[in-house]
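Heads up: numbering here begins at 1 and tracks the sequence.
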Amino acid sequence: MSKYRKVMVTGGAGFIGSNYVRMVCEKDPDRKIVVYDALTYAGNPENLTGLEDRIEFVRGDIADTETVEQAMAGCDAVVNFAAESHVDRSLVDGRPFVKTNVEGTYVLLDTAKRLGISRFLHVSTDEVYGDLVGTDHHSLESDVFKPRSPYAASKSAAEHLVFAYGISFGLNVVVTRGSNTYGPYQFPEKIIPLFITNAVDDKPLPLYGKGDAVRDYMHAEDHANGIDIVLHKGETGLAYNLGARLEVTGCEVAQGVLNNLDKPESLIEFVPDRPGHDYRYAVDPAAAESLGWERKWTFEDGLAATCRWYLENEDWWRKIKRGEHFQSHEESWYAERQA
Ligand code: NAD
Ligand code: DAU
């Protein structure tokens with residue numbers, strides 16, 4: 001049983017947030033959850049189907065002080081997933097990234113300070129460390145930040161605010177820096193769900209550059225579990241890397257998807273690279289492991305299970321892919337890369 005009786009989960013209607021909420025509802029029936037979410041293009045109430053009686057849902061923007069304060073009152077912990085999360089979109093328009101990821105985090109922190117919240121966990125990313133290409137280094141929590149995309153820069157700025165609130169005001173803060181995550185309910189703009197859903201429809205799998213950028217792919221269940229362990233056991237004022245200790249290229253992702261769906265390699269299409277593309281992320285998750293966390297999923301099993309989930313949940317992703325937010329990004333971003 002958790003020592004936190006009522007937890008505000010911002011961004012709980014998104015991909016990792018909804019996996020986290022589902023996990024907590026299953027393992028800790030006594031913990032009350034307030035999901036606070038603006039339902040941007042990436043937020044989807046259907047991600048929380050079946051949990052309606054277990055959670056309180058508040059629609060609101062994390063940058064809106066009044067609504068945040070109303071929803072946070074009575075909670076003893078906050079887990080902040082809410083963010084603009086897609087790197088490609090941050091290259092088209094960085095403003096919403098600054099507004100939500102920086103200003104929104106500030107509003108949450110300041111409200112948590114005023115309300116005397118016992119614990120504030122901020123969900124960050126391994127992208128704050130920047131590109132490790134050409135080295136065999138694994139990022140340590142003590143490494144300096146070298147963010148290279150507007151998304152990564154906004155997440156780095158948010159982390160600085162989190163630690164500043166810990167130091168200046170004694171807020172009980174802790175941070176997780178997760179690696180690339182995949183699994184059920186991921187918006188099909190990120191590589192794995194995009195490639196699975198394209199392959200189902202015999203559409204091209206657009207690989208940036210030579211498809212040799214490396215990511216450490218971690219299943220959403222492992223990420224959610226790591227966040228909950230750090231919430232309960234992480235030392236105040238510290239950050240914890242979460243990663244699967246795997247290094248997988250874009251080509252290997254494409255190949256894995258095609259093998260699972262029994263589709264031909266001819267669907268792979270090499271397209272012009274993402275500007276400022278980071279070619280290698282890899283974290284050392286030893287500190288989180290020392291708290292008792294370990295990843296359960298291999299990439300092979302996780303990818304196979306994820307392909308099955310998308311095959312079994314076509315209604316969920318087809319509705320999204322028909323929607324305006326998916327179509328407008330896809331049309332402009334990929335048309336530009338094909339021109
Ligand atoms: P997502 O885009 O799927 O979901 C984001 C959620 O936040 C959505 O439900 C959206 O409606 C909500 N949201 C956005 N702006 C908001 C605002 N202003 N106010 C309230 N709610 C708002 O994101 P995700 O992939 O689930 O990522 C969750 C968190 O984990 C983010 O902080 C991201 O930076 C971090 N992260 C993601 C990954 C990954 O691979 N997806 C890896 C490491 C860290
Ligand atoms: O590392 C953690 C980060 O992982 C999170 O903080 C971000 O929120 C999350 O979106 C993710 O960022 P990436 O940019 O690494 O994820 P994405 O799925 O967009 O890209 C993964 C890799 O695949 C990257 O090398 C770019 C490549 N790619 C991506 C897309 C969408 C392609 O080759 N083709 C594509 O169409």
Side-chain angles (χ1 to χ4, degrees), residues 8-20 35-44 58-65 67-69 71-72 78-113 117 120-131 139 141 144-166 171 173-181 186-187 189-190 220 223 227 230 239-242 274-276 278 281 283 325 329:
M8 178 182 193
V9 180
T10 70
F15 161 48
I16 309 173
S18 64
N19 276 277
Y20 176 77
V35 171
Y36 185 90
D37 200 297
L39 297 182
T40 66
Y41 80 92
N44 185 346
V58 179
R59 185 169 188 176
D61 188 326
I62 59 166
D64 175 352
T65 308
T67 330
V68 164
E69 185 162 334
M72 204 185 281
V78 174
V79 180
N80 179 29
F81 289 93
E84 288 293 335
S85 68
H86 194 35
V87 173
D88 292 340
R89 287 183 191 259
S90 82
L91 296 164
V92 177
D93 180 9
R95 192 174 285 272
F97 289 74
V98 175
K99 175 83 179 165
T100 289
N101 301 1
V102 186
E103 187 184 335
T105 303
Y106 162 77
V107 168
L108 291 174
L109 288 163
D110 205 57
T111 310
K113 180 193 94 177
I117 293 294
F120 189 104
L121 185 144
H122 177 73
V123 179
S124 189
T125 168
D126 62 359
E127 298 211 7
V128 297
Y129 297 120
D131 197 354
S139 299
E141 288 83 352
V144 291
F145 285 8
K146 291 186 184 164
R148 288 161 36 91
S149 70
Y151 163 73
S154 70
K155 293 294 289 186
S156 302
E159 271 206 49
H160 288 308
L161 283 168
V162 172
F163 290 120
Y165 266 72
L171 189 64
V173 296
V174 69
V175 167
T176 55
R177 294 185 188 138
S179 66
N180 280 62
T181 306
Q186 186 168 30
F187 194 90
E189 64 190 353
K190 312 291 182 348
H223 196 163
I227 287 168
V230 172
Y240 291 85
N241 290 335
L242 295 170
R274 166 191 283 176
D278 287 345
Y281 298 139
V283 292
H325 287 288
H329 172 70

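Side-chain contact between Val78 and Met72: present, with at least one pair of heavy atoms (C-beta onward) separated by less than 4.5 Å. In this structure the side chain of Val79 never reaches within 4.5 angstrom of the side chain of Met8, judged on heavy atoms. Side-chain contact check for Asp126 versus Ser179: some heavy-atom pair is nearer than 4.5 Å. Side chains of Leu171 and Leu109 form a contact here, defined as non-hydrogen atoms less than 4.5 Å apart. Two residues are said to be in side-chain contact when any heavy atoms from C-beta on lie closer than 4.5 Å; Arg274 and Leu91 meet this criterion. Between Val175 and Tyr240 the shortest side-chain heavy-atom distance does not fall below 4.5 Å. Annotation: side chain of Leu242 is not in contact with side chain of Val283 (no heavy-atom distance under 4.5 Å).
With a 6.0 Å cutoff to the six-membered ring centre and a 45° limit on the axis angle, Arg89 counts as a cation-pi contact of Tyr41.
Remark: side-chain polar atoms of Arg177 are paired, donor with acceptor, to backbone N or O of Glu141 under 3.5 angstrom. Between the side chain of Ser154 and the backbone N or O of Tyr151, at least one donor-acceptor pair lies under 3.5 Å. Thr125 places a side-chain N or O within 3.5 Å of a backbone atom of Glu127 that can act as its donor or acceptor partner. A donor-acceptor pair under 3.5 Å is formed between the side chain of Lys155 and the backbone N or O of Val123.
Closest of all the heavy-atom pairs between Ala38 and Arg59 is O-NE, 3.2 Å. Pairing each heavy atom of Asn44 with each of Leu39, the nearest pair is N-CD2, 4.0 Å. In terms of heavy-atom proximity, Glu159 sits nearest to Ser124 at OE2-OG, 2.7 Å. A pairwise comparison of heavy atoms in Pro150 and Ser90 identifies CG-O, 3.4 Å as the closest pair.
Put simply, CG on Asn19 and NE2 on His223 are 10.5 Å apart, with the number rounded to the nearest 0.5 Å. Remark: Thr100 OG1 to Glu84 CD distance equals 5.0 Å, nearest 0.5 Å. Rounding to the nearest 0.5 Å gives a distance of 8.5 Å between CG of Asn180 and CD of Gln186. Atom-to-atom distance recorded for Thr105:OG1 and Leu161:CG is 7.5 Å, nearest 0.5 angstrom.
In this structure, the ring pair (Phe, Tyr, Trp, His ring centres under 6.0 Å) partners of Phe81, at least two apart in sequence or on a different chain, are Tyr20. Tyr165 pairs by the side chain to side chain donor-acceptor pair (under 3.5 Å) definition with Asp110, not counting sequence neighbours. For Phe145, the ring pair (Phe, Tyr, Trp, His ring centres under 6.0 Å) partners two or more places apart in sequence, or in a different chain, are His160. A search for side chain to side chain donor-acceptor pair (under 3.5 Å) contacts involving Asp37 returns nothing, not counting sequence neighbours. Here Thr67 pairs with Asp64 under the side chain to side chain donor-acceptor pair (under 3.5 Å) rule; sequence neighbours left out. For the ring pair (Phe, Tyr, Trp, His ring centres under 6.0 Å) test, no residue two or more places apart in sequence or in another chain qualifies with Tyr36.
A donor and an acceptor atom, one from each side chain of Thr10 and Asn80, are located under 3.5 Å apart. Asn101 and Tyr106 share no donor-acceptor pair across their side chains, judged by distance under 3.5 Å alone. No hydrogens or angles considered: nothing links the side chains of Glu69 and Thr111 as a donor-acceptor pair under 3.5 Å. Lys146 and Ser156 share no donor-acceptor pair across their side chains, judged by distance under 3.5 Å alone.
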- Message: Set out, in order, the CA-CA distance, both residues' side-chain angles and the distance that settles side-chain hydrogen bond (donor to acceptor under 3.5 Å, both in side chains) for Lys190 and Ser85, then state yes or no.
- Response: CA-CA 10 Å; Lys190 312 291 182 348; Ser85 68; 3.0 Å; yes
- Item | Trace of the side-chain hydrogen bond (donor to acceptor under 3.5 Å, both in side chains) decision for Asn241 with Tyr129 | CA-CA 11 Å; Asn241 290 335; Tyr129 297 120; 2.7 Å; yes
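Checked options Leu121, Leu108, Val173; the residue passing with Val162 is Val173 (criterion: side chain to side chain contact (heavy atoms under 4.5 Å, CB included)).
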